[in-house]
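The structure displayed is predicted, hence computed values, not measured ones.
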Amino acid sequence: MRVPSWVALMLAVPMIAQQYDIVLANGRVMDPESNLDAVRYVGIREGKIAAVSESPLQGRAVVDVRGLVVTAGLIDLHSHGQTPENYGFKARDGVTTALELEVGVNPVSAWYAAREGHALINFGATSGHIPARMAVMRDSGQLLPRDAAVNNIATPEQAKQIYELVRQGLDEGALGIGMGIAYVPKTSRAEILELFRLAAQRRVPVYVHMRNAGPVEPGAMDALQEVLADTAAAGAAVHIVHITSMGLRETPLLLGMIDGARRRGLDVTTEAYPYTAAMTDLSSAVFDTGWQQHLGGITYGDLQWVATGERLNADTFVRYRKQGGMVVIHSIPEEIVRLAVANPMVMIASDGILENGKGHPRGAGSFARVLGRYVREQHALELMDALRKMSLMPAERLGIQSKGRLQVGADADITVFDPARVIDRATFDNPAQYSDGIPYVLVNGVFVVRNGELQGQSMPGRPLRR
């Protein structure tokens with residue numbers, strides 16, 4: 001019996017409707033919002049997660065990920081490396097979205113335009129107080145200020161211009177206000193408070209590197225009190241970056257203060273990277289007189305010049321400080337790193353940047369290091385808790401519903417890793433080494449890592465804006 005063509009078409013429609021672009025089959029699906037942890041099939045269509053099914057799904061491409069964890073793409077809230085080189089290392093570390101939120105950028109529109117259609121992973125930035133101040137005061141620094149914006153107090157007219165540049169960046173869609181008070185120490189407390197008020201008016205967070213670090217007053221405790229007071233007075237939300245490199249051995253005290261503020265209704269969040277060293281520009285204000293005590297009692301030998309890997313002494317410190325360049329600061333006790341990584345409030349963020357293969361290993365290995373070293377090897381925290389710190393919590397801080405979740409309707413930013421093998425390979429001597437054990441990463445439904453190899457045929461990264 002011949003079936004009429006219209007009947008054949010009707011019978012075919014359900015099959016076509018269930019055809020997915022990509023199916024990830026047989027994986028251990030872990031969603032940190034719903035706490036789903038079970039073997040499922042994930043169907044992807046038009047850049048979105050279209051199905052999470054107990055039953056097999058049909059797709060144009062079906063990838064068997066049996067024995068691997070399938071989870072929401074990881075979000076790095078603190079990534080200074082916003083170049084193709086850095087995006088590649090991020091993708092290999094499981095990161096699908098990398099954001100420049102601490103220093104921020106200015107002008108904002110031009111920064112976004114330069115990356116549209118050219119990014120392997122998703123990107124975004126805040127409107128930065130530091131670059132605005134550098135522009136107005138004509139500082140000669142690049143990422144960080146090194147002269148005029150560091151040494152001079154802004155005139156009332158300059159302060160107004162800085163404020164307007166930051167405000168304009170918010171008008172252009174920036175994700176919040178970025179602030180590095182430690183790098184512009186002559187910035188008045190009133191100028192900082194005004195920016196918190198602006199953030200409250202626009203309902204965006206302030207991402208802040210606090211004014212001081214360490215135990216010597218004025219130190220980390222004073223600095224935290226400043227931003228908590230501004231948060232309360234302005235009604236703003238604040239995210240405090242790299243709590244361990246600010247608090248050092250006082251990190252438990254700072255976390256207690258943050259917890260108390262949160263319990264009393266303040267919108268305060270924080271982050272840490274899983275390493276025992278910081279990194280910044282040696283020519284910055286962080287190394288003004290008294291730096292040894294403010295950084296926890298370290299010495300010249302605790303500084304490692306990134307360009308050569310050498311440890312510094314009094315002579316090379318002076319020479320390289322005049323020159324300017326990145327230096328690794330070996331100052332964070334391992335027990336403090338472990339404590340912060342395990343704390344339920346603390347998100348994971350890398351503070352990473354690599355340039356021509358030089359930098360800090362956090363730029364390449366932060367997320368795999370947490371999964372391998374602190375989850376699998378040390379049992380400092382459970383796997384689901386680690387994933388929550390790397391995806392859901394950052395998405396909630398950003399106020400974005402479409403990311404940080406492995407659920408139907410979410411963006412198909414997906415990280416697939418082997419929990420028995422995932423580990424960082426980057427070191428302080430050789431930071432430009434890809435992480436292992438992350439064979440598949442998708443950004444907006446496109447593979448950027450497949451079979452453990454970067455895929456450079458397309459650039460599916462999209463901008464995140466307010």
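Taking OG1 from Thr280 and CG from Leu144, the interatomic distance works out to 5.0 Å, rounded to the nearest 0.5 Å. Taking CG of Asp230 as the reference point, atom CZ of Phe196 lies at 5.0 Å (rounded to 0.5 Å). Taking CG from Leu68 and OH from Tyr440, the interatomic distance works out to 7.5 Å, rounded to the nearest 0.5 Å. Atoms CD and CD1, on Glu396 and Ile75 in that order, are 10.0 Å from each other to the nearest 0.5 Å. Here OG1 of Thr276 is found 12.0 Å from CD1 of Ile329. Values are rounded to the nearest 0.5 Å. Here CE of Met246 is found 10.5 Å from CD1 of Ile332. Values are rounded to the nearest 0.5 Å.
Within the structure, salt bridge (Lys or Arg N to Asp or Glu O under 4.0 Å) pairs that include any residue of residues 444-456 do not occur (at least two apart or interchain).
Between the side chain of Arg211 and the backbone N or O of Ile181, no donor-acceptor pair lies under 3.5 Å. Panel note: side chain Arg373, backbone Pro274; no donor-acceptor pair is recorded below 3.5 Å. Panel note: side chain Lys403, backbone Gly73; no donor-acceptor pair is recorded below 3.5 Å. The closest donor-acceptor contact from the side chain of Ser458 to the backbone of Pro460 lies at 3.5 Å or more, if one exists at all. The main-chain N or O of Ala277 is found under 3.5 Å from a side-chain atom of His360 such that the two form a donor-acceptor pair. With Thr71 contributing its side chain and Met30 its backbone, the two residues share a donor-acceptor pair below 3.5 Å. Put simply, the side chain of Arg388 gets close to the backbone of Pro32: a donor and an acceptor are under 3.5 Å apart. When atom types are taken as modelled, the side chain of Thr270 and the backbone of Ile240 share a donor-acceptor pair closer than 3.5 angstrom. A donor-acceptor pair under 3.5 Å is absent between the side-chain atoms of Gln304 and the main chain of Val328, judged by distance alone. The main-chain N or O of Phe367 is found under 3.5 Å from a side-chain atom of Asp93 such that the two form a donor-acceptor pair.
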(message) Please evaluate residues Arg405 and Asp31 with respect to the criterion side-chain contact (heavy atoms from CB on, under 4.5 Å), reporting the C-alpha separation (whole Å), side-chain torsions for both, the decisive distance (0.1 Å), and the verdict.
(response) CA-CA 6 Å; Arg405 300 154 173 91; Asp31 174 50; 3.8 Å; yes

(message) Assess the residue pair Arg376 and Val422 against the criterion (side-chain contact (heavy atoms from CB on, under 4.5 Å)); give the C-alpha distance rounded to whole Å, side-chain angles, the decisive distance to 0.1 Å, and a yes or no.
(response) CA-CA 9 Å; Arg376 183 180 65 246; Val422 62; 3.7 Å; yes

(request) Give the C-alpha distance, both sets of side-chain angles, the deciding distance and a yes or no for salt bridge (charged side-chain N to carboxylate O under 4.0 Å, His left out) between Arg465 and Glu116. (result) CA-CA 12 Å; Arg465 290 189 178 94; Glu116 291 261 13; 3.1 Å; yes

(message) Assess the residue pair Gln58 and Val23 against the criterion (side-chain contact (heavy atoms from CB on, under 4.5 Å)); give the C-alpha distance rounded to whole Å, side-chain angles, the decisive distance to 0.1 Å, and a yes or no.
(response) CA-CA 7 Å; Gln58 301 298 314; Val23 172; over 6 Å; no

(request) Applying side-chain contact (heavy atoms from CB on, under 4.5 Å), run through Leu101 and Leu175 and close with a yes or a no. (result) CA-CA 8 Å; Leu101 302 184; Leu175 293 168; 4.0 Å; yes

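What you find for Met326 and Trp305 is that their closest heavy atoms are O-CE3, 3.6 Å. For the residue pair Pro419 and Gly67, the shortest heavy atom distance occurs at CD-O, 4.0 Å. Nearest heavy-atom pair across Asp424 and Ala368 is N-CB, 3.8 Å. Heavy atoms only, all atoms of each residue included: Ala91 and Val448 are closest at CB-CG2, 4.1 Å. The shortest non-hydrogen separation linking Ala349 to Asp76 is CA-OD1, 3.6 Å. Of all heavy-atom pairs spanning Gln82 and Leu99, the tightest one is NE2-C, 3.7 Å.
Atom CD of Gln225 sits in a crowded spot, with more than 12 heavy atoms from other residues, nucleotides or ligands closer than 6.0 Å. Remark: Glu355 CD is loosely packed, at most 12 non-hydrogen atoms of other residues, nucleotides or ligands lying under 6.0 Å away. In Glu334, the CD atom is crowded: over 12 heavy atoms of neighbouring residues, nucleotides or ligands sit closer than 6.0 Å.
Partners of Tyr41 under the ring-ring contact (aromatic ring centres under 6.0 Å, His included) rule, at least two apart in sequence or in another chain, do not exist in this structure. For Arg60, the side-chain contact (heavy atoms from CB on, under 4.5 Å) test picks out Gln19, Asp21, with sequence neighbours left out. Considering only residues two or more places apart in sequence or on other chains, Phe89 meets the ring-ring contact (aromatic ring centres under 6.0 Å, His included) condition with Tyr434. Not counting sequence neighbours, the partners of Ala182 by the side-chain contact (heavy atoms from CB on, under 4.5 Å) test are His209. Scanning for ring-ring contact (aromatic ring centres under 6.0 Å, His included) contacts around His330 gives Phe428, with sequence neighbours left out.
Using a 4.5 Å cut-off on side-chain heavy atoms (C-beta onward), Thr269 and Met345 make no contact. Arg397 places a side-chain heavy atom less than 4.5 Å from the side chain of Asp267. Within the 4.5 Å cutoff, the side chain of His78 has no heavy atoms near those of the Tyr207 side chain. Using a 4.5 Å heavy-atom threshold, the side chains of Leu195 and Val206 count as separate. Considering only heavy atoms from C-beta on, Arg40 comes within 4.5 Å of Glu54 through its side chain. By the 4.5 Å heavy-atom criterion applied to side chains, Leu398 and Leu77 are counted as neighbours. The shortest side-chain heavy-atom distance between Leu387 and Phe417 falls under the 4.5 Å cut-off. Side chains of Leu381 and Tyr374 form a contact here, defined as non-hydrogen atoms less than 4.5 Å apart.
Asp385 and Lys389 are not joined by a salt bridge, as no carboxylate oxygen comes within less than 4.0 angstrom of a charged side-chain nitrogen.
Side-chain N/O atoms of Asp413 and Asn122 include a donor and acceptor closer than 3.5 Å. With 3.5 Å as the limit, one finds no donor-acceptor pair spanning the side chains of Glu271 and His242. For the residue pair Asn356/Glu85, the side-chain donor-acceptor check at 3.5 Å is not satisfied.
When each of Thr126, Ile353, Val105 is paired with Glu100, the side chain to side chain contact (heavy atoms under 4.5 Å, CB included) condition holds for Val105 and for no other.
A perpendicular orientation is assigned to the rings of Phe123 and Trp111, their planes being inclined by more than 60° (bins at 30° and 60°).
A cation-pi arrangement, defined by a distance under 6.0 Å to the six-membered ring centre and an angle within 45 degrees of its axis, is present between Arg362 and Tyr273.
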